[in-house]
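Comments concern the structure below.
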Amino acid sequence: MSALNHTIGRVLMQRLSPDPRNVATFLAAVIGLLASRNVCLPSWLSWTSWGIKAGSGVRRFARWLGNSSILPDVWFAPIFRYAMRDWTDMPIFLALDTSMLYDRFCCVRISMIYMNRAIPVAWLVLEHKSSTVKYTQYGHLLDRVEALLPRDVEVIFLADRGFVSKELMRHLQKLRWSWRIRIKSNQKLLSRGQIVALKTLPLTPGKVLLFSRSIDFGQGLRGISLSAGWAKGSSEPWYVLSGDAASTEVFIDYARRFGIEESFRDEKSGGFDLEESRIRGVEKLERLILVIATASIVAVSEGLSVSLLGKREQVDPHWRQGLSYFQMGLRWILSCVIQGVEKVFAHCLLRSSNNPIPVAPTEKESRRRYKMKNPQTLFKDVQFFGPLT
């Protein structure tokens with residue numbers, strides 16, 4: 001793991017010049033998390049070379065998590081920029097979502113949807129007993145993300161029904177980002193002076209109604225588009241607002257957001273056992289997410305390298321590729337640690353390319369994912385309209 005230590009440590013020391021002892025503890029935390037797949041601090045100790053008592057090692061990690069001089073956004077910025085160093089002209093998909101921890105803390109995150117996973121880019125933790133948050137609480141995260149992204153690359157922002165906000169839409173327009181925000185079916189919209197309830201739209205499975213630049217939200221938000229569609233095989237229709245023209249591609253874009261659910265499973269039952277952590281406190285949890293976000297970049301990058309270099313069969317037993325790049329990366333890293341060999345690629349690179357090999361555990365799931373990327377397989381009746389009538 002010395003290559004990984006060298007890569008991330010060099011990035012931090014060159015860009016931030018922090019205390020090397022804090023960098024060493026951070027690197028030990030990232031490697032401990034990747035190897036143990038557990039956020040409990042004692043589980044990280046087995047993967048360090050500190051040669052100190054267990055109690056002292058746990059206290060060292062705990063002091064790092066409680067160190068107020070370590071600002072997660074400042075530390076993560078050079079790591080993320082380094083990972084995006086070769087990104088070219090592919091659109092960047094960002095998704096806003098929240099998750100609850102211990103029914104006490106609400107984690108608000110803007111994540112980059114990449115290889116069917118959501119990699120945290122900016123986040124905050126609120127001592128808040130609800131997953132519903134206001135724009136005034138998270139709006140500053142948008143500017144933080146914008147400062148990290150490559151220049152002159154299209155950005156498409158995704159948000160679910162709980163984030164419908166005029167302030168959010170205006171902010172996205174100011175940043176010149178495209179966006180897709182799903183709204184509830186009981187919503188009423190204003191189009192050229194006429195109020196129309198979405199429930200009255202004549203939607204049936206396989207049908208799409210596209211209303212380009214027809215919606216007026218007031219307060220300067222005019223010319224918003226609505227894509228209303230009911231995909232074949234889906235239990236309900238989707239109503240998605242966008243700042244650009246309505247199209248069936250809007251649904252394909254929005255569907256990428258479900259990578260968040262996969263990542264939540266990675267962090268919890270399928271990967272890092274986040275809910276088993278005994279860590280409490282807003283700032284401590286934000287630093288823990290810094291460790292998780294960095295580990296996620298490493299795992300996905302390693303998994304993609306394994307696949308591209310033809311080594312997938314060493315970690316994935318499926319006849320066809322079934323493990324995600326995240327899971328392949330974790331298995332590759334663990335095998336390297338256990339065998340005591342330096343095979344970790346340590347590229348820490350997010351490549352601007354489509355999935356080189358589809359990831360699906362079964363043939364049925366492979367077909368389903370193919371359909372979700374092809375509008376013609378989801379919709380048979382597409383109708384274009386002007387204003388809502």
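Here the structure is a predicted model, which is why all the values come from computation and not from measurement. Side chains included, hydrogens not; waters and symmetry mates left out as well; all remaining heavy atoms used.
Residues Glu146 and Arg151 are paired through a salt bridge, judged by an N-O separation under 4.0 Å between the basic side chain and the carboxylate. A salt bridge links Arg182 to Glu236: one of the charged nitrogens lies within less than 4.0 Å of a carboxylate oxygen. Taking 4.0 Å as the cut-off between side-chain N and carboxylate O, Arg351 and Asp86 do not count as a salt-bridged pair.
Within the cation-pi definition used here (under 6.0 Å to the ring centroid, within 45° of the axis), Arg280 qualifies as a partner of Tyr102. Seen from the ring of Tyr254, Arg180 does not count as a face-on cation partner, given the 6.0 Å and 45° thresholds.
Distance check, rounded to the nearest 0.5 Å: CG of Leu126 to CE of Met100 gives 9.5 Å. Rounding to the nearest 0.5 angstrom, the gap separating the CG atom in Asp216 from the CD1 atom in Ile224 is 9.0 Å. Of the inter-residue distances, the one linking Leu141 atom CG with Gln137 atom CD reads 10.5 Å to the nearest 0.5 angstrom. With values rounded to the nearest 0.5 angstrom, Leu221 atom CG is found 5.5 Å from Gln173 atom CD.
Not a single donor-acceptor pair under 3.5 Å links the side chain of Gln327 to the backbone N or O of Ser324. Under a 3.5 Å cut-off, the side chain of Trp230 and the backbone N or O of Ser234 do form a donor-acceptor pair. Side chain of Ser307 to main chain of Leu304: no donor-acceptor pair is present (N/O by atom type, distance under 3.5 Å, no hydrogens or angles). Panel note: side chain Trp44, backbone Asn38; a donor-acceptor pair is recorded below 3.5 Å. Within the 3.5 Å criterion, the main-chain N or O of Asp244 finds a donor-acceptor partner in the side chain of Ser225. Of the possible polar contacts, none joining the Ser43 side chain to the Val39 backbone as a donor-acceptor pair under 3.5 Å is found. Not a single donor-acceptor pair under 3.5 Å links the side chain of Ser301 to the backbone N or O of Val298. Put simply, the side chain of Ser212 gets close to the backbone of Ala246: a donor and an acceptor are under 3.5 Å apart.
Counting heavy atoms of neighbouring residues, nucleotides and ligands inside a 6.0 Å radius, atom CG of Leu309 exceeds 12 of them. For Lys174, the NZ atom counts as loosely surrounded, since its 6.0 Å shell holds 12 or fewer non-hydrogen atoms of other residues, nucleotides or ligands.
Looking at heavy atoms from C-beta onward, Tyr239 lies in side-chain contact with Leu201 at the 4.5 angstrom threshold. At a threshold of 4.5 Å between non-hydrogen side-chain atoms, the residues Asp103 and Lys129 do not count as touching. Side chains of Val108 and Leu96 form a contact here, defined as non-hydrogen atoms less than 4.5 Å apart.
Screening Asp253, Ile260, Ile92 for a side-chain contact (heavy atoms from CB on, under 4.5 Å) involving Ile113 leaves a single residue, Ile260. For the side-chain contact (heavy atoms from CB on, under 4.5 Å) with Leu33, the lone residue among Ile292, Thr294, Leu330 that qualifies is Ile292.
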Go through the steps for Lys199 and Asn186 under the test side chain to side chain contact (heavy atoms under 4.5 Å, CB included), then give the verdict. CA-CA 6 Å; Lys199 287 183 176 180; Asn186 60 1; 4.1 Å; yes
Applying side chain to side chain contact (heavy atoms under 4.5 Å, CB included) to Glu286 and Trp123, what does each step give before you reach the verdict? CA-CA 7 Å; Glu286 288 181 347; Trp123 58 89; 4.1 Å; yes
Arg109 vs Asp97, salt bridge (charged side-chain N to carboxylate O under 4.0 Å, His left out): CA-CA, chis, key distance, verdict: CA-CA 6 Å; Arg109 283 186 283 194; Asp97 212 333; over 6 Å; no
Step by step, would you call Arg287 with Glu283 a side chain to side chain contact (heavy atoms under 4.5 Å, CB included)? CA-CA 6 Å; Arg287 292 185 192 97; Glu283 293 184 354; 3.6 Å; yes
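Between the side chains of Ser247 and Glu249, no donor-acceptor pair is found at a separation under 3.5 Å. Looking at Ser69 and Asn67, their side chains do bring a donor and an acceptor atom within 3.5 Å of each other.
The aromatic rings of Trp75 and Trp64 sit perpendicular, their planes meeting at an angle over 60°, well past the 30° parallel limit.
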